Asks: 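Take a look at this one; I'll ask things after.
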Amino acid sequence: MVTYKKDKVQREHNFAIVDEVDSILIDEARTPLIISGRGDKSTALYGVVDKFAKTLSPATVVEMDNKQDQEAANENADYIIDEKSKTATITRRGVKKAEDYFAIDNLMDSDNITLLHHINQALKANGVMRKDIDYIVDNDEVVIIDEFTGRKMIGRRFNDGLHQAIEAKEGVKIARESKTLATITFQNYFRLYNKLSGMTGTAMTEEDEFREIYKLDVIAIPTNRPVQRIDHTDVIYRTEAGKYKAIIEQIVKCHEKGQPVLVGTISIEKSELLSSMLKKKGVKHEVLNAKYHAKEAEIVAQAGKLGAVTIATNMAGRGTDIMLGGNAEFLARAEMRKREYPEEIITEAIGYADTDNEEVLEARKVYQELYKKFGEEVKEKAVAVKEAGGLYILGTERHESRRIDNQLRGRSGRQGDEGESRFFLSVEDDLMRIFAGDRLENMMRTLNVDEDTPIESKTLTKIIESSQRKVEGRNFSIRKNVLNYDDVMNTQREIIYKQRAQVLDGEDLHESILKMIEDLITATVSQYISEETTEHDQWNLVGLRDHFLGWITEETDLEYNDEDLQAITAKDITELLIEKAKSIYKEKEDTYGSDVMREVERVIMLKVVDTKWMAHIDDMSELKKGISLRAYGQRNPVVEYRYEGFEMFDAMVSSIQEDTIRMLLTVKLQQNKAPEREQVSKPDAPNAGAGDGSFGNQRRNPQRAAKKNK
């Protein structure tokens, strides 16, 4: 994106150590990194289509195994929600309603493609995307929730108009659409590094994927002290209501004996439901989810206190240790806040930087005294917590990835501490219902189980694990597919970025430009004059002259009488035009000087390459949307995408050559000065993306949106 090398903030990719490597290289692998710029203004169509979508009735189908199911759904519903693949598809009945509502003859007509796209996104927003699970509304803004960590993803937006459709659904201001300036998948970004490594507590379940995609081996490092945590088998209830009743009873039981409990939920909605149930029981507790993000470290740090109850969404890598008895550092901080010390002084007091500031030195003494005092209290309380059984991890649902469950369990039993963990499940949980619902329901019916009776069974545990493996396998194949498509773009990206790097490094492009002139003219002449035909009257010399008119040829050029025409060849015409173009170019150089022309070459090359590349990204995205349909014709969509993608790339390269040469041969400079380089790909909001792992410095950081490819 930058136009001068000094503005480049990313250096060469040599060696990377990735923290929480499974979260980045596995969970985020379906999320292409996108640098987005300002696109078109948002249309009023989002609001209109959302009103229409709200009038339609959906049918939820987990898996349609036969044609009769499909036919029934088509006749009785306006659109079908497939929870497994997270899609919403309009039916024949829905199409008819849309045609009546918008007063059109045929929704599937090419003239109505924009309207159909808006309708599809509105159906997905209303039928598939759920508030407080997939996103929250914060300060009149729709903010995506990370399904793996439960954190807010500031600066990210769903792509392709889905985010605007959700904004229309929630009645908040609809932001303008963004334009993709650059894109790369996490997989290909990290494969740019010569050496790649990382750390995490939960990588063994994805060992095969690390080896296949990244050529990385996974090594398990033994624990510092033996693990004493007791991992109880899962208990399964017939209904969600029965499960929640049992969860509350278990929390109350632990709370009464002083055992701290950490409750893991998979959504804000569920965490707030449990919170309201605990309030009715009079149990004091803390809630940690995306709505209370600011208090995150504080809440987690005190989750190990005697009798503490903490409800949290997805406890993946929260970055704060849960110490039994409480956390002396956070208690000391809280006490200093009570004593009205400014936040910056407290931060300095905890650090060890050299300072002669009397206020900081005084605060350090106070902090050390408080830390010592609270440290002794915590040690005493830690003994009582250990006697009560240590931290109790209570999972309210299985996540579709076993690693996320393991991360929750791993919050207890640190450094050989005592602890317990158990997952409470029900047949109505999303994972169970979608991937193993029938088998579990039949088993419960056979055993004649009521809603308050739990079942512990190895068979059931195996069914659950096989469901999770199924989802993990499915997600792996999706990630692999994303990579296969991006590999095509990656080859093209390398060529374009290499060309940009030459310009930024100040390389002399003169020889490249001369070669471009030769290649362009040779290719163009062959389009108008076929060397294979001996019939000169079939040569389209007028068309050839008109093609170059105004920048290489003039009105009187390429006019021959019959005798002259018989004596010349296509090669002669090619050489004539090349010589003419080079002489025009030399005149420019003599007029403006060599140094000025070298910079003009760079300016024009940058502008043309950036403009064409941005358009090419959009074209490739459109090609990808429909390419999967080729499978119906027994063709491999990835191979077809690669073949057509490279044809489009070749066309773009030819277009770059022609526009560059045309501009160079017609350029006029004022005061014989080289023009300044212009940034074609202007980023969107200057501060967007802060805190979401965007690259670059925050003051000039382009917005990084994220496609959530489900």
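These figures come from a predicted structure and were not determined experimentally.
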Asks: May I ask you to establish whether Arg333 and Phe330 are in a cation-pi arrangement, using a distance under 6.0 Å from NZ or CZ to the six-membered ring centre and at most 45° from the ring axis?
Replies: yes

Asks: Determine, for Arg339 against Glu335, whether the closest basic-nitrogen to carboxylate-oxygen distance falls under 4.0 angstrom.
Replies: yes

Asks: Backbone N or O of Glu272 within a donor-acceptor pair of the Ser275 side chain at under 3.5 Å?
Replies: no

Asks: Are side-chain heavy atoms of Ile24 and Phe190 found at a separation under 4.5 Å?
Replies: yes

Asks: Please confirm whether the backbone N or O of Thr265 pairs with a side-chain atom of Lys270, one donor and one acceptor, at under 3.5 Å?
Replies: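 Answer holds: no.
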
Asks: Distance only, no hydrogens: is a donor on one side chain within 3.5 Å (strictly under) of an acceptor on the other, for Thr202 and Asn406?
Replies: no

Asks: Which residues satisfy the side chain to side chain contact (heavy atoms under 4.5 Å, CB included) test with Asn188, sequence neighbours excluded?
Replies: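 For Asn188 the side chain to side chain contact (heavy atoms under 4.5 Å, CB included) partners, ignoring immediate neighbours, are Ile184, Thr185, Arg191, Leu483, Asp486, Asp487, Asn490, Arg493.
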
Asks: Using salt bridge (Lys or Arg N to Asp or Glu O under 4.0 Å) as the criterion, point out the one residue from Lys243, Arg398, Arg238 that pairs with Asp429.
Replies: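 For Asp429, the salt bridge (Lys or Arg N to Asp or Glu O under 4.0 Å) test succeeds with only one of Lys243, Arg398, Arg238, which is Lys243.
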
Asks: Could you tell me whether Arg130 and Asp132 make a salt bridge, using a distance below 4.0 angstrom between a side-chain N and a carboxylate O?
Replies: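 No, Arg130 and Asp132 are not salt-bridged.
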
Asks: Regarding Arg422 and Asp234, does a basic nitrogen lie under 4.0 Å from an acidic carboxylate oxygen?
Replies: no

Asks: Looking at Glu212 and Arg479, does any basic side-chain N land under 4.0 Å from a carboxylate oxygen?
Replies: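 Here Glu212 does not pair with Arg479 in a salt bridge, since their nearest N and O are not under 4.0 Å apart.
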
Asks: Classify the angle between the aromatic ring planes of His13 and Tyr193 as parallel (below 30°), tilted (30 to 60°) or perpendicular (above 60°).
Replies: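 Taking Tyr193 first and then His13, their aromatic rings stand perpendicular (interplane angle over 60°).
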
Asks: Taking atom NZ of Lys480 as the centre, report whether more than 12 heavy atoms of other residues, nucleotides or ligands fall under 6.0 Å from it.
Replies: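 12 or below, so no.
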
